[in-house]
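Start at 1 and go down the list; that is how both ligands and their atoms are numbered.
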Amino acid sequence: MLKKWWHNKVAYQIYPKSFMDSNGDGIGDIPGITSRLDYLKDLGVDILWICPVYESPFVDQGYDISDYYKIADCFGTMEDFDRLIGEAKKRGMYVIMDLVINHCSDRHEWFQKALAAPEGEYAERFYFEKGRDGREPSNYRSYFGGNMWEKVPGKEDLYYLHSFAKQQPDLNWNNEYVLNYLYDMVNWWLDKGVAGFRVDAIINIRKNTEFPSYEADGPDGLCSVDKVIEGAAKYDKGPDIGEMLQDLKKNTFDRKEAFTVGEVFNMQEDELTEFIGENGHFSTIFDFCLHILTNCESGWYAARKIIFSEMRQTIFDSQLATQHAGFMANIIENHDEPRGISVFLPEWIDKQKGAKLFGTVMLLLHGIPFIYQGQEIGMTNKEFKSLDEYNDIYTIDQYRQAVEHGFTHQDALKLCALYSRDNARTPMQWSSEPEAGFTTGKPWFVVNPNYKEINVAAQENDEASVLNYYKELIALRKTPEYEDAFVYGEFEPAYQEYENILAYYRRGDSNTILVISNWGSGEQSILLKKDDSEIKILLDNMYKSGSQYGVDVKPDSIKLLSGQAVVLKIQ
Ligand code: TEU
Ligand code: CA
């Protein structure tokens, strides 16, 4: 395999509004991020993905861009941004931006002009369509609820398309002008020194422009976005998604050997190599296998409880199916997900211990680990109690859907508390000072009350903290001596006959690593295979300073406590 500069890197996702506020207005900002670069460097991360900081009316937290060439005032200035890139470079770190090009904001100049002259050239940059039989052109349900077609104000029978909120009109990728504009814009940011992009909702850019209706899958008479994407993939006119993405790549990313991570849902399985192979559309794409396991396409009302055996199988299947194609981007959580330790851990495992357990398993898989802000200190869900505590538009719609499907108000609220995207969007917990040290003012969004116990400052001083464990874990992963195993090594499931054990090998050219973790409620002894009996312990999440490693090793067996994870080198 051709080695690429980003193969051995660890990435960290920043949700700028909630990371660090530098000026007391309660909103995290770019100088705030710059002020914490040393913290991030010390943690061991190399690549920083910053969620959208472009000018936006923030209907969908910046994923609705009104000017691609401006930094939103609340985040700072372009000088602040340039400084961030420069300071990151000085520390050998890379900044990647969020690239939101399936849609823009309805406040974008083009869309305003399109509304003013719906028959003119600006409207051609979007999808403006006549209604059919006196109603919407087709029956597509948008991600955030309701029909994907919205009436053009002041027009009787004209609609525009939005895959997400109605304030996020989809851009027309068949329009030359749009395409060239977007490519130029991407190149402009690359020339500024950003190292690449996280590419938002990119599968949605291809449309079946005949816009046929599909069979309804809900009482609203609409069909899900998944059907729409599937229909677009089968549509045979114009370039297919692969050709579109290669064209984007050739004209932009390739110029700079940029690192790109695609947010790709609904890919056909046989397309994996096209997406992340040597000449793939992207450097990597997110592995959403765990997310898909809980959250079926219909919505939170149909979400399933996590069963450990299924979770283990899902991770194994995904690794085995993808490792030879390229590198997936492995996540525990992100800004669209609840906190991983609040969803995936069995109830008997203490969340802080479990954060180390889960981290060990996920960070040592084949792929590029992406850590989401706060994950490294074991931040948890917020325990929202009422609907008006939420900010996220998606959560409000999921509540509505649950009630429509027969959930009581209380049960629908419980669902939202478990799955809401807002769980990950509460401010970063820096210290036990007021508002968790995130701001000296009033934070834009509520701080999780558990910040007094869970915060960076306290954990920096505690040898046994999640934070210090993450530092060790990342450092271990990045040890040059073990690169053959942790970065390039073959993934192989191990000890599957033990019901509550999640274990795997990473077999490199000169090192073999064995990761074993116990997700059961009690101790578990494991009889080691003959080849595994000569071991050296590299990491143990129950290690306590001053004592021996917490793990009990005999020549041919190993005993793990509930929630314990160990990383072993096989001699
Ligand atoms: O998400 C795309 C996407 O598919 C989401 O609708 C996802 O299914 C949902 O958040 C449930 O987890 C991206 C961004 O990550 C998200 O924050 C934006 O809201 C969305 O695009 C629109 O730009
Ligand atoms: Ca601020």
Inset, instruction - Look at Asp397 together with Arg400 and state whether they make a salt bridge at an N to O cut-off of under 4.0 Å. - result: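 Yes, Asp397 and Arg400 are salt-bridged.
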Inset, instruction - Could you tell me whether some N/O pair between Asp200 and ligand 1 is separated by less than 3.5 angstrom? - result: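 The answer is yes, given that Asp200 and ligand 1 share an N or O pair closer than 3.5 Å.
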Inset, instruction - Please confirm whether Glu337 comes within less than 3.5 Å of ligand 1 when only nitrogen or oxygen atoms on both sides are compared. - result: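 Looking only at distances, the answer is no, because the N/O contact criterion of under 3.5 Å is not met.
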Under a 4.0 angstrom heavy-atom cut-off, which atoms of ligand 1 come close to [X]?
X	answer
Phe265	4 (O)
Arg198	14 (C), 15 (O)
Tyr143	4 (O), 6 (O)
Phe144	19 (O)
Glu263	1 (O), 2 (C), 3 (C), 13 (C), 15 (O)
His335	14 (C), 15 (O), 16 (C), 17 (O)

Check each heavy atom of [X] against ligand 1 and say whether those closer than 4.0 Å belong to the side chain, the backbone, both or neither.
X	result
Asp60	side chain
His103	side chain
Gln398	neither

Legend entry - Tally of protein N, O or S atoms, where distance to the Ca ion (ligand 2) is under 3.0 Å: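 There are 5 of them.
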Legend entry - Set of salt bridge (charged side-chain N to carboxylate O under 4.0 Å, His left out) partners for Glu263, sequence neighbours left out: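 Partners of Glu263 by the salt bridge (charged side-chain N to carboxylate O under 4.0 Å, His left out) criterion, ordered by chain and then number, come out as Arg198.
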Legend entry - Any residue meeting salt bridge (charged side-chain N to carboxylate O under 4.0 Å, His left out) with Glu333, in chain and number order, not counting sequence neighbours: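 Glu333: salt bridge (charged side-chain N to carboxylate O under 4.0 Å, His left out) contacts with Arg339.
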Legend entry - Qualifying residue for side chain to side chain donor-acceptor pair (under 3.5 Å) with His335, from Tyr372, Tyr15, Tyr63: Tyr63
Legend entry - Leu179: side chain to side chain contact (heavy atoms under 4.5 Å, CB included) partners, not counting sequence neighbours: Trp173, Tyr183, Asp247
Legend entry - Pairwise side-chain contact, Tyr399 with Leu415, heavy-atom cut-off 4.5 Å (strictly under): no
Inset, instruction - Please write down residue, atom name and distance for the protein heavy atom closest to atom 10 (O) of ligand 1. - result: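 Looking only at protein heavy atoms, the one closest to atom 10 (O) of ligand 1 is Arg421 NH1, 2.7 Å.
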